[in-house]
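Working notes for the structure below.
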Amino acid sequence: MPLPSIPPHPWDVSPEAAMAIQHQWRERVIREDYLGEIRTVAGVDVGFEDGGRVARAAVVVLDFSALEPRQKVLARKVVTFPYIPGLLSFREMPVILESLAQLSEWPDVLLVDGQGIAHPRRLGIASHLGVWCDIPTVGVAKSRLVGQHAPVEDRPGAWQPLYDQGEVVGAALRTRSGVKPVYVSIGHRVSLETALDLVMRCARGFRLPEPLRLAHQFASQFEKVQK
DNA sequence: GCGACAG
DNA sequence: ATCTTGTCGC
């Protein structure tokens with residue numbers, strides 16, 4: 001299966017322009033299930049080197065049923081945009097797109113380290129990446145950007161809706177007992193219900209779902225070899 | 001003005 | 001995210 005074409009990216013914009021772009025793209029996000037059978041799931045994680053001047057993106061594609069790695073790719077790129085809460089995609093998407101371009105096969109769904117629509121303008125990096133590449137994505141963040149939620153039971157699979165401005169924008173999900181919950185939200189073309197189910201099916205006794213855990217691991221192990 | 005604030 | 005070793009706890 002050929003890779004979808006990826007549009008050229010105007011990432012070198014001002015924070016003001018970036019916000020305007022988010023307002024423009026938010027309506028393209030599809031919040032319902034619009035995906036086929038899931039055979040492969042991928043996780044993408046971004047790390048930094050050289051004091052934050054260089055970004056490193058790692059993508060690991062795994063077999064959904066066995067959760068075994070099928071392909072791992074890596075990309076590095078000089079950072080051009082600062083870290084500003086709410087504008088993460090403008091900092092990390094360039095290097096992520098370069099890593100995705102190396103894949104020989106597109107995954108059926110992509111788990112992204114960050115928020116989906118659980119974002120002030122409903123276009124977190126998972127959603128931005130999803131609509132940009134037109135692929136199903138799910139946002140899985142280790143901490144909260146916006147919204148509030150009731151305490152989550154300390155039991156794997158337990159979750160509570162995340163509310164922001166009167167609407168459910170995601171969920172705080174306990175992937176395993178004894179650890180802080182992760183924040184799951186719709187990225188693109190995947191409903192929240194499916195997203196939660198997907199993340200739990202990828203849970204392997206760790207806080208982070210296997211695709212993201214392995215992507216993070218792959219990136220850091222490379223960090224050492226490189227150093 | 002003060003506090004919050006994905007990675 | 002990153003700078004950083006050992007250490008407390010299940």
Side-chain angles (χ1 to χ4, degrees), chain A residues 11 15 18-19 21-22 25-26 29 43-59 74-100 110-132 137-149 154-156 162-165 169-188 192 195 199 204-209 211-213 215-224 226-227:
Chain A
W11 306 113
M19 289 180 72
I21 290 174
Q22 293 181 325
W25 283 71
R26 60 177 295 171
V29 176
V44 57
D45 179 70
V46 176
F48 296 87
E49 309 168 4
D50 193 28
R53 285 186 283 277
V54 176
R56 160 181 18 78
V59 178
L74 207 75
R76 301 172 72 222
K77 199 175 198 308
V78 171
V79 175
T80 61
F81 200 90
Y83 169 67
I84 299 174
L87 299 180
L88 183 66
S89 61
F90 289 84
R91 177 175 171 78
E92 304 191 343
M93 260 175 65
V95 69
I96 289 178
L97 293 175
E98 284 197 1
S99 63
L100 291 176
L110 179 63
L111 267 45
V112 184
D113 188 10
Q115 314 291 348
I117 64 172
H119 177 278
R121 289 166 296 283
R122 306 293 183 263
L123 194 79
I125 188 167
S127 296
H128 199 167
L129 184 60
V131 296
W132 193 265
T137 59
V138 172
V140 180
K142 298 182 292 298
S143 61
R144 184 192 62 83
L145 174 61
V146 297
Q148 45 279 143
H149 64 84
D154 190 25
R155 162 179 58 80
L162 178 65
Y163 295 96
D164 181 51
Q165 302 292 124
V169 295
L173 171 69
R174 191 84 66 181
T175 50
R176 63 157 291 183
S177 58
V179 300
K180 293 185 299 182
V182 293
Y183 293 84
V184 177
S185 58
I186 290 173
H188 183 54
L192 180 58
V199 171
R204 272 296 183 267
F206 297 93
R207 180 158 94 116
L208 290 180
L212 286 178
R213 195 178 73 82
H216 194 319
Q217 208 173 67
F218 182 51
S220 61
Q221 74 170 62
F222 172 82
E223 163 93 89
K224 296 180 179 179
Q226 187 76 141
K227 199 168 183 180

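A, B, ... follow the sequence lines: proteins, then strands. Residue 1 opens every chain.
At distances below 3.5 Å, not a single donor-acceptor pair connects side-chain atoms of A:Thr137 with backbone N or O atoms of A:Leu110. Using a distance-only test at 3.5 Å, with no hydrogens or angles considered, no donor-acceptor pair links the side chain of A:Arg53 to the main chain of A:Val78.
Using a 4.0 Å heavy-atom cutoff across all strands shown, A:Gly47 reaches sugar-phosphate atoms only and no base atom. Among the heavy atoms of the strands, none lies under 4.0 Å from A:Asp45. Residue A:Leu87 is in base contact, counting any heavy-atom pair closer than 4.0 Å across all strands shown.
Taking the side chain of A:His216 as heavy atoms from C-beta on, and the options C:dA1, B:dG7, B:dC5, the nearest nucleotide is C:dA1. Among the nucleotides B:dC5, C:dT2, B:dG7, the one closest to the side chain of A:Arg56 is C:dT2.
Taking only side-chain nitrogens and oxygens, A:Ser143 comes nearer than 4.0 Å to OP1 or OP2 of B:dG7. For A:Tyr183 and B:dA6, the shortest distance from a side-chain N or O to OP1 or OP2 is not below 4.0 Å. Residue A:Arg144 places at least one side-chain N or O under 4.0 Å from the OP1 or OP2 atom of B:dC5. Note on A:Lys142: a side-chain N or O is less than 4.0 Å away from OP1 or OP2 of B:dG7.
The NE2 atom of A:His119 sits 9.5 Å away from the NE2 atom of A:His128 when rounded to the nearest 0.5 Å.
Using cut-offs of 30° and 60° on the angle between ring planes, the pair A:Trp11 and A:Phe90 is perpendicular.
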